[in-house]
Number of protein chains: 2
Amino acid sequence: MHRGGVLAIGEFSRLTHLSVRTLRRYHDARLLEPAIVDGATGYRYYSADQIPAAQVIHRLRELDVPLSDVQRILRSPDPGTRAALVADHLQRLESELDRTRSAVASLRRLLQPEQPPLDVELRAVPAATVAAIEDDVALDDVLAWYAGATAELDAVVGEPTGVPGGLYDNALFESGSGHVLVYRPTTDPPRSGRVHPVTLPAVELVVTAHVGAHDDIGVTYGQLGSWVVANALAVAGPVRETYLVGPRDTADPGAWRTEIGWPVFRVAPP
Amino acid sequence: MHRGGVLAIGEFSRLTHLSVRTLRRYHDARLLEPAIVDGATGYRYYSADQIPAAQVIHRLRELDVPLSDVQRILRSPDPGTRAALVADHLQRLESELDRTRSAVASLRRLLQPEQPPLDVELRAVPAATVAAIEDDVALDDVLAWYAGATAELDAVVGEPTGVPGGLYDNALFESGSGHVLVYRPTTDPPRSGRVHPVTLPAVELVVTAHVGAHDDIGVTYGQLGSWVVANALAVAGPVRETYLVGPRDTADPGAWRTEIGWPVFRVAPP
DNA sequence: GATGCACCCTCCCCCCGGGGGAGGGTCCAC
DNA sequence: GTGGACCCTCCCCCGGGGGGAGGGTGCATC
């Protein structure tokens, strides 16, 4: 039961509220190694001063910090570094929360019994040369990338001569990462930093407008997709968004207007 | 590419932003069955009106609703029932958030370089007969159970003659569920509903006080545990909490005082 | 010193909700 | 009729555990 201040795994479990199983796993993962392991029997013995470490692990796991990150946090001797790593993860939790919020908003709209009919327009868009920033981006990073790119674009371009927009590769949604491009129409597009001129090809676009914050924009995408299929069209390229009214125009998200345009071609006679 | 308004899995994937793999999995799980499955080739074909269902699933999964629950939500034809099931899950997310908040509070305290010394007292507690409610409870349900039990207890007992408290089986923390008892000291404890008299045995308690909300009470538990071990004692029974100052006394969580008492016996000469 | 029994060990399989990749068949536009 | 994009099934992998089998240990009690 006792061995001079050294704790068997069961006692340590009681004191830390970590299950015996979990303690063994943390040993295997070299995350929390017993103070003593009896070579003959394999019995693990912990010391009381390992309790704080166990508690830190426990809390970090409650925050869904991966074991590998937990290890890095514990291994970093400097409290400042630790705090930074933890803050990083809290940041991740924060954006997780954003995702949750927008999922809730989408659900609310999806589960509404009545769906307002969609106002869809088929529009021929000519080619245009614009100032753009583009990159291959992971879906999770799109928002952050977008914020940085638009800031740089605005700094370089100044006042655009038309409606700003973006192109989003279908692969972004299919496989979680893809090519993304944001642009500002401007006369004589400059080349500076990441900004460079790009000629957007002429396309036939199926266009609809999404009103409000982007939380539930996925719903509008789906409705537009249904319309595309119902009208015997097929998707032919990255989706285009144009930001008719956005955060740069009004602080009221309810007033935002985003046009969603899907390049299409006809697959069957009308 | 097209078959009269019917979509191959890849097209459906593009339209719903669900990966092909995931769509196949949802088929296997009978969650979202293709409108047509070609018997000869196994090719799955979806119809455009399955897009809303796919979107609902997508959003529910973003909220970490288990697939089985997603199925129940989709299968329930009544919008009211659906909404209730979704609300249930949002409630779960809410309590998850509470857990996260308290984990963050604990971490903040744990990662502080300086730990204030613990004020621990060894106290002989005589046996006492109290009015109690007890049950076997899962760790996740403790808070809800506690709220119900104390409400019933207060309704039956009225004003207690001493400090209210609770006993928490160590198994609750070790294996996720265990025996829990809440009590009010009172003269001539009544028997009504779940309330019944219980005689708490006399014990030798190691006692310390936790000040503030219970978010980071686990940290105090750990410190007390260290003290127990450092003083050559061993745990001998369910931990006791007494609520010296609680939410019934003041709305300010910072003023709450909870005594934590661990029954102990001496395992080595002093 | 034996015995009972709580405790501890390792090992293997299971859960969830996917992703990676192999190996092979199908669709359809040119 | 052929190339290439698309689709199929099957198996293994991940993380962070839980359940349980089968067997060894520690120690208080007799």
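A quick note: this is a predicted structure, and the numbers were derived from the prediction, not measured. Proteins get letters first, then strands, A, B, ... in listed order; numbering begins at 1 in each.
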Please tell me which of the listed nucleotides, dG16(D), dC7(D), dC9(C), lies nearest to the side chain of I9(B)? dC7(D)
Find the distance D38(A):CG to dG24(D):P and express it as a whole number of Å. 16 Å
In whole angstroms, the gap separating P of dC15(C) from CG of D69(B) amounts to 17 Å
Check the orientation of Y221(B) and W262(B). Use parallel for under 30°, tilted for 30 to 60°, and perpendicular for over 60°. perpendicular
Please work out if R24(B) contacts a base, only the sugar-phosphate, or nothing of the nucleic acid, heavy-atom cut-off 4.0 Å. base
If only side-chain N and O atoms of T22(B) are considered, is one of them under 4.0 Å from the OP1 or OP2 phosphate oxygen of dG19(C)? yes
Interatomic distance, Y46(A) OH vs dC8(C) C1' [rounded to whole Å]: 12 Å
Is there side-chain contact between L122(B) and N231(B), with at least one heavy-atom pair below 4.5 Å? no
Integer-rounded Å distance: dC11(C) P and H27(A) NE2: 13 Å
Looking at dG18(C), I'd like to know if its phosphate oxygens (OP1 or OP2) sit under 4.0 Å from a side-chain N or O belonging to R61(B). yes
Just N and O in the side chain of Y26(B): are any of them under 4.0 Å from OP1 or OP2 of dG17(C)? no
Under a 4.0 Å threshold between the charged nitrogen and the carboxylate oxygen, would R61(B) count as salt-bridged to D69(B)? no
Taking five pairs at each terminus, the helix from dG1(C)-dC30(D) to dC30(C)-dG1(D) shows an axis bend, to 10°, of 10°
Side-chain ion pair, R101(B) and D98(B), N-O less than 4.0 Å: yes
With DNA chain C as reference, determine whether D64(B) or Y43(B) sits nearer its 5' end, using the nearest nucleotide of each. D64(B)
Is the distance from OP1 or OP2 of dG19(C) to the nearest side-chain N or O of S19(B) less than 4.0 Å? yes
For atom CD of Q71(A) and atom P of dG15(D), their distance in whole Å: 12 Å
Ignoring backbone atoms, establish whether R44(B) has a side-chain N or O less than 4.0 Å from OP1 or OP2 of dT9(D). yes
Less than 4.5 Å apart, any side-chain heavy atom of D135(A) and any of W145(A)? yes
Between CZ of R25(A) and P of dG16(D) the distance, given in whole Å, is 9 Å
Could you give the CG-to-P distance, from L23(A) to dG17(D), as a whole number of Å? 10 Å
Salt-bridge present (R14(A), E11(A); N to O < 4.0 Å): no
Look at atom CZ of R109(A) and say whether more than 12 heavy atoms of other residues, nucleotides or ligands are closer to it than 6.0 Å. yes
Nearest-nucleotide wise, let me know which of R21(A) and T41(A) is further upstream toward the 5' end of DNA chain D. R21(A)
Rounding to an integer number of Å, can you tell me how far Y45(B) OH sits from dT26(C) P? 11 Å
